[in-house]
Amino acid sequence: MKLRAIKGIIIKDLKELRREKMALFWIFIFPLMWITLFGTMWGGHNPPISLDVGVVYTYTNESSAFTAYDVLRIMENVTLEGVHVFKIREFSKEESGINALKHGKIDSLIVFPSGFGRNVSTGRQAKIYIYFDRSDPQQYQIVRGTVMGFFSEMEKKMREKRIEIQLKYMEAYIPKEDNISPETIKEYLIASAEPLEVEEKEVSGKSPTPIQFYITSFIGIQFLFATMLTIGTGTLEEIEKGTLRRIAASPATAWDFLTGKMLSTFLIIMVSIFVGLGYAKLVFGETIVPSPLGWLIIFIASIFSMSLGLTIAMATRSIKSTTAVVNFVSMPLLFLAGIVIPESIVPSWARPIANYFALGRALKEFRLLEIYHRPVSEIMPGLVLISIETAVVFLTAIALYKWAIKRLEA
Amino acid sequence: MEHCPIYYGETMEAIEIKGLKKSYGKFLALKGINLEIYEREIFALLGPNGAGKTTLIRILAEGLGYDAGEIKVFGRRLSKETARFIGYVPQESISYDLLTVEENLKFYADLYDAPKKKIYELIDRFALPKKKKAKELSGGFKRRLNLAISLLYDPKILILDEPSIGLDVPSRRELWELIQEFKKEGKTILLATHYMEEAEALADRIAIMNEGKIIALGTAEELKALIGEESIIMVEGFLRGLKRLKSEFRLVEKEGSVRIHVKNPKESLPKIVETLVKSGSEIKTIKIEEPTLEDVFLKLTGRRLE
């Protein structure tokens with residue numbers, strides 16, 4: 001190996017890249033645009049949800065202790081991080097409320113039928129009708145979850161209140177000698193109403209932020225586009241221009257050229273990743289500082305990406321075709337391999353791509369390690385799989401490159 | 001131009017080629033080339049496009065594989081090591097457009113492990129604008145940069161493939177002077193060209209190639225002698241009646257002129273003029289010329305050198 005020649009090739013490539021505006025755009029600007037776009041849209045802190053809720057109730061006829069009006073006042077006072085969760089809009093008729101819901105003017109309609117207050121106040125079951133618009137499934141889930149959550153919580157409070165009232169009546173009839181305390185009876189009554197007491201717990205650990213996810217997406221984009229195109233088109237340019245023939249005829253060999261080319265590409269991608277990480281910190285105040293194992297995953301993924309780019313270039317033997325094939329392959333993989341969207345929303349038929357395509361898997365393992373802080377033992381099987389795939393694609397690329405060199409010498 | 005005398009017996013062979021064959025699939029590009037190029041001579045390979053000149057040069061300079069034969073450089077088999085004796089200036093530019101002249105030379109110096117001071121020597125020698133990007137250079141300067149690159153490691157043999165193609169007349173003259181200088185410095189020059197004037201002006205010896213073979217070899221004078229006793233009558237103008245002349249003489253037609261090969265010009269000239277005038281030709285110029293290398297090529301192959 002001629003180290004001076006390899007150094008020369010790296011320096012030459014870096015200087016050429018510095019002056020090639022289009023390459024600079026695709027390697028540095030385009031991925032940063034992704035971070036900016038996704039980070040601005042979904043990466044920041046989401047404000048608490050606020051819903052427009054329509055209500056229909058009969059107020060004037062009720063003279064009970066607790067009425068629909070009281071429910072509405074409670075709803076109006078529900079806040080999350082200082083934001084009122086429900087904005088109440090009253091409708092005189094059910095039809096006009098439904099109409100407003102259909103036209104998207106409100107998110108939900110609550111109808112308190114006549115007798116609601118009387119039933120609640122007298123300890124009977126009171127009916128409520130709640131309308132939702134299901135045309136947007138995601139919005140429906142959010143609105144339904146929020147409204148039903150409110151009524152579930154309210155129901156719980158009402159149940160406790162009613163048990164307390166019932167106990168006051170019952171205390172006078174409890175025989176003293178039976179050793180049954182009012183607390184014990186209360187416990188039984190609550191358990192009758194709620195046989196299960198479910199308490200929500202959160203696992204400790206640093207919770208990921210959306211921007212961290214999009215930083216990893218940016219690294220994936222670098223591998224899917226910039227890395228593959230830089231090495232693929234770079235090598236083809238040298239073949240088409242005749243300079244590779246010239247290099248092969250010099251004391252340096254075609255293998256020195258490939259080593260130099262791969263090192264320069266790796267260096268360029270590393271610099272672009274550093275720029276991306278720094279940019280995220282600067283603009284969004286957050287970034288990822290990969291651990292040594294994280295860097296190892298990046299290193300293996302970049303070898304895979306370079307090998308795949310070289311394989312495509314040597315197989316197509318044309319810069320235009322290489323660019324077309326890389327774009328054709330990479331564009332759907334951005335989504336299907338879970339590069340720019342979480343694997344959880346990748347369609348089930350595409351999940352194997354995210355799991356078995358080395359770049360998708362590498363990014364998945366990287367996220368598990370760096371964002372979700374999973375133990376190394378969980379990462380290892382994925383790392384082995386990525387390494388095997390990388391070795392296979394690397395050997396294929398080398399074989400095709402060797403074939404291309406033979407054609408040059410034939 | 002003045003040619004140095006050649007002493008074949010006393011000079012070592014810089015390149016020796018025996019029975020060289022090369023094919024591309026079924027197409028035979030070289031059909032058994034035998035050639036000796038002596039140290040410190042300018043040797044021209046003259047032939048039309050497709051004659052096999054570039055293939056021969058690429059075998060010598062770029063390590064292109066061949067099917068049969070033997071090549072020796074200064075008595076040693078052609079290899080990656082002996083290829084270091086050879087500097088190659090290809091037809092196309094080998095510089096990188098986005099790099100400056102200096103950066104291009106630095107890159108190739110790294111490839112060839114050449115000393116860095118050589119870069120600046122060559123920049124000065126060829127008056128190259130070192131800070132200018134290669135894409136901003138004129139055709140003449142690009143050719144000079146190609147030359148400078150090939151001289152970085154001070155090769156003893158310099159191979160130039162169609163060096164003056166695409167150059168204007170002053171740049172071509174400058175290049176020819178440079179080639180003469182290289183010879184004076186002791187370099188052996190192998191020149192592939194399809195310009196007969198270039199071969200005639202520069203080369204000590206010329207090999208005429210056609211269809212993968214060397215069909216004649218010698219000095220320009222030796223080659224012209226192959227024509228024999230023939231002279232050329234060159235006629236320019238609006239010419240008619242050439243068909244009638246063809247039955248008697250060998251003609252080579254060019255745009256607005258015709259070269260007529262004759263044995264005895266004094267006898268043939270009146271006959272030719274009479275035939276042309278009677279046929280309605282308007283003759284502008286008529287003169288008797290010495291045969292050129294193109295006439296030699298025509299005689300040997302039956303077709304023009306293009």
Side-chain angles (χ1 to χ4, degrees), chain A residues 1-27 230 233-261 263-264 268 319 402-410, chain B residues 22-25 27 29 54-55 57-67 78-100 102-116 119 133-136 146 149-150 152-153 155 159 161:
Chain A
M1 251 190 196
K2 303 276 183 297
L3 290 179
R4 188 178 165 195
I6 293 170
K7 184 200 84 185
I9 291 163
I10 295 171
I11 292 172
K12 188 264 299 175
D13 281 351
L14 295 180
K15 281 181 177 166
E16 278 194 303
L17 178 84
R18 191 158 57 88
R19 288 165 195 163
E20 184 63 79
K21 289 184 181 65
M22 276 312 285
L24 282 179
F25 172 81
W26 285 111
I27 294 170
T230 304
T233 58
T235 308
L236 282 172
E237 262 172 18
E238 304 266 8
I239 291 175
E240 284 181 12
K241 196 172 155 52
T243 40
L244 182 56
R245 229 166 48 203
R246 182 77 183 192
I247 291 166
S250 75
T253 62
W255 302 106
D256 291 330
F257 166 78
L258 189 62
T259 309
K261 204 83 191 162
L263 285 173
S264 68
I268 290 164
I319 292 174
K402 207 171 168 181
W403 179 54
I405 295 299
K406 270 200 170 166
R407 274 203 317 268
L408 282 181
E409 291 169 352
Chain B
K22 165 77 185 168
S23 58
Y24 296 106
F27 174 71
T54 300
T55 300
I57 279 176
R58 284 194 54 211
I59 289 172
L60 291 170
E62 288 190 337
L64 182 71
Y66 50 94
D67 307 328
L78 178 68
S79 64
K80 196 112 177 152
E81 265 179 50
T82 51
R84 216 178 149 76
F85 290 124
I86 301 172
Y88 174 40
V89 188
Q91 280 182 52
E92 67 280 0
S93 167
I94 52 161
S95 50
Y96 292 88
D97 282 349
L98 294 174
L99 299 189
T100 64
E102 186 182 11
E103 287 164 348
N104 266 296
L105 286 165
K106 274 185 181 168
F107 167 65
Y108 279 104
D110 284 338
L111 275 191
Y112 286 96
D113 202 18
K116 287 214 166 135
I119 296 169
K133 285 181 193 154
K135 68 174 178 183
E136 294 161 356
N146 260 13
I149 289 168
S150 67
L152 271 167
Y153 50 98
I159 298 180
D161 190 9

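What you see is a predicted model; the values in this text were computed from it and never measured.
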Which heavy-atom pair separates [X] from [Y] by the least distance, and what is that distance?
| X | Y | result |
| --- | --- | --- |
| B:Glu92 | A:Lys241 | CG-O, 4.3 Å |
| B:Ala61 | A:Ala249 | O-CB, 3.6 Å |
| A:Glu16 | B:Tyr96 | OE2-CD2, 3.3 Å |

Does any backbone or side-chain atom of [X] lie under 4.5 Å from a heavy atom of chain B? Answer side chain, backbone, both or neither.
| X | result |
| --- | --- |
| A:Lys2 | neither |
| A:Ile6 | neither |
| A:Ile247 | both |
| A:Glu238 | side chain |

Point-to-point distance, once rounded to the nearest 0.5 Å, from [atom1] of [X] to [atom2] of [Y]:
| X | Y | atom1 | atom2 | result |
| --- | --- | --- | --- | --- |
| B:Lys133 | A:Arg19 | NZ | CZ | 5.5 Å |
| B:Thr100 | A:Lys15 | OG1 | NZ | 7.0 Å |
| B:Asp110 | A:Ile11 | CG | CD1 | 6.5 Å |

Quiz item: Does atom NZ of B:Lys80 have more than 12 heavy-atom neighbours, drawn from other residues, nucleotides or ligands, at distances under 6.0 Å?
Solution: yes
Quiz prompt | More than 12 heavy atoms from other groups under 6.0 Å of CD on A:Glu240 | solution = yes
Quiz prompt | Option in A:Glu237, A:Arg246, A:Glu20 with maximal non-hydrogen atom pairs under 4.5 Å from chain B | solution = A:Arg246
Quiz prompt | Contact winner vs chain B - A:Pro251, A:Ala248, A:Gly8, A:Gly260, heavy-atom pairs under 4.5 Å | solution = A:Pro251
Exercise. Could you tell me which of B:Asp97, B:Asp67, B:Ile94 has the largest number of non-hydrogen atom pairs under 4.5 Å with chain A?
Key: B:Ile94
Practice problem: Sort out for me which of B:Leu99, B:Asn104, B:Ile59 touches chain A most, counting heavy-atom pairs under 4.5 Å. | Solution: B:Leu99
Counting only non-hydrogen atoms closer than 4.5 Å, does [X] touch chain A with its backbone (N, CA, C, O), its side chain (CB onward), both, or neither?
| X | value |
| --- | --- |
| B:Thr55 | neither |
| B:Tyr112 | both |
| B:Tyr88 | both |
| B:Ala114 | backbone |
| B:Glu62 | both |

Exercise. For the residue pair B:Tyr108 and A:Thr243, establish whether any side-chain heavy-atom pair is separated by less than 4.5 Å.
Key: yes
Exercise. Taking the side chain as every heavy atom from C-beta outward, state whether A:Lys12 and B:Lys106 have any pair of such atoms under 4.5 Å apart.
Key: no
Practice problem: Verify side chain to side chain contact (heavy atoms under 4.5 Å, CB included) between B:Leu111 and A:Phe257, making sure each step is shown before the conclusion. | Solution: CA-CA 10 Å; B:Leu111 275 191; A:Phe257 166 78; over 6 Å; no
